[in-house]
Each structure stands twice: as C-alpha cells, then as structure tokens.
Amino acid sequence: MMLENIFLKILSKEIPARIAHEDNLCLAFHDINPQAPVHVLIIPRKVIRTHADITDSDKELLGHLHWVAAKLAQELQIEDGYRIVINCLEKAGQTVPHIHMHLLGGRNLAWPPG
Ligand code: AMP
C-alpha cells in the first residue's frame with residue numbers, strides 16, 4: 001500500500017534529508033535505506049503521483065531530472081556505471097505517491113532486477 005506523501009515534508013523541509021542537489025524544479029537527497037553505496041532519490045517539486053500520470057507538459061521536467069541524475073553521478077563518482085529506476089505503482093514496488101527517480105551506484109548491479 002502506498003504511504004502518505006512523505007516527500008512533500010522533505011520538500012518543505014518539515015523533515016530533514018541529506019540533500020545532494022536542489023534547484024527550482026527538483027530536490028535530490030540520499031535514500032534513508034540505501035540499496036547501494038550511492039542511493040539518491042531525485043524528485044520534482046511538482047506533485048506527480050506516479051510515472052503513469054506524466055503528461056505532455058511534464059516532458060521538460062522529466063528531462064531535467066535525468067540531467068540532474070547524470071550530474072550527480074559525476075559528482076558522486078559513480079559515472080563508470082549506475083542505474084536509474086522509477087517504480088511505477090504498487091505492483092512495481094512504489095511506496096511513496098510522489099514520482100521519484102532512484103540513482104544507484106557504487107557496486108556491481110545485477111540484471112534482471114527482481
Ligand atoms: P519506492 O519504493 O520506489 O517508492 O521508493 C521509496 C524510497 O523512499 C525508498 O527507497 C525509501 O527507503 C525512501 N524513503 C522513504 N522515506 C524516506 C526519508 N524520510 N528519507 C529518505 N528516503 C526515504
């Protein structure tokens with residue numbers, strides 16, 4: 001079951017997070033339960049519940065999130081191999097109802113994922 005949108009509280013700084021990047025469109029912070037040596041979440045400030053809800057007007061925003069991911073991969077020194085994951089809805093493991101991109105790296109990542 002999806003939890004409440006805890007990421008809104010991180011965006012408003014109501015609850016703390018270890019921030020890796022911040023700009024007018026998005027926030028990136030380290031995952032509280034990392035699945036790899038580097039595990040950062042990149043979220044838009046705009047509330048989009050899930051990947052299946054994106055619209056034409058979100059195309060530039062989604063491109064921006066990818067640009068931030070590539071920039072962070074360099075800064076966090078995982079540019080030699082990393083993975084970007086967006087879990088869409090409960091069946092795919094989404095637990096927070098605010099679209100988020102996982103940036104994972106710092107170890108060998110197996111394929112296929114579970
Ligand atoms: P997903 O399962 O794709 O919805 O991913 C949600 C992610 O949010 C999980 O990897 C959690 O560990 C992470 N998470 C939940 N609460 C927090 C928090 N307060 N700070 C940082 N990461 C969080």
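One is the number of the first residue; the rest follow in order along the sequence. When a ligand or atom number is given, it counts from 1 through the structure's own listing order.
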Going by atom types only, do T55 and D58 share a side-chain donor-acceptor pair under 3.5 Å?
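Result is yes, a qualifying pair exists.
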Heavy-atom nearest neighbour in the protein, as seen from [atom], with distance rounded to 0.1 Å:
atom                    : value
atom 19 (N) of ligand 1 : I10 CD1, 3.8 Å
atom 7 (C) of ligand 1  : D31 OD2, 3.5 Å
atom 22 (N) of ligand 1 : I32 N, 3.1 Å
atom 1 (P) of ligand 1  : H100 NE2, 3.1 Å

Answer with yes or no whether [X] contacts ligand 1, where contact means a heavy atom under 4.0 Å from a ligand atom.
X    : value
G93  : yes
H102 : yes
V85  : no
H30  : yes

With a cut-off of 4.0 Å, which atoms of ligand 1 are near a heavy atom of [X]?
X   : result
Q94 : 4 (O)
L41 : 7 (C), 8 (O), 13 (C), 22 (N)
N33 : 12 (O)

Single-linkage hydrophobic cluster I32~M101, side-chain heavy atoms < 4.5 angstrom
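In one cluster with I32: M101, no.
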Find out if a path of hydrophobic residues (ILVMFWY) with successive side-chain heavy-atom gaps under 4.5 Å connects L65 to V47.
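No, because L65 and V47 fall into different hydrophobic clusters, even though each may have its own neighbours under 4.5 Å.
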Hey, is NZ on K9 packed in by over 12 heavy atoms from elsewhere, all under 6.0 Å?
no
If you count the non-hydrogen atoms of other residues, nucleotides and ligands that lie under 6.0 Å from CG in N108, is the total more than 12?
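No, not enclosed.
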Quick check: H98 with H100 (ring centres under 6.0 Å apart)?
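No; H98 has its ring centre 6.0 Å or more from that of H100.
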Should the ring pair F7 and F29 be called parallel, tilted or perpendicular, given that the plane angle runs from 0 to 90° and is split at 30 and 60?
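Perpendicular.
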Indicate yes or no: does an N/O atom of F29 lie under 3.5 Å from an N/O atom of ligand 1?
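Checking ligand 1 against F29, no N or O pair falls under 3.5 Å apart.
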So do the side chains of V38 and L104 get within less than 4.5 Å of each other, counting heavy atoms only?
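Not in contact.
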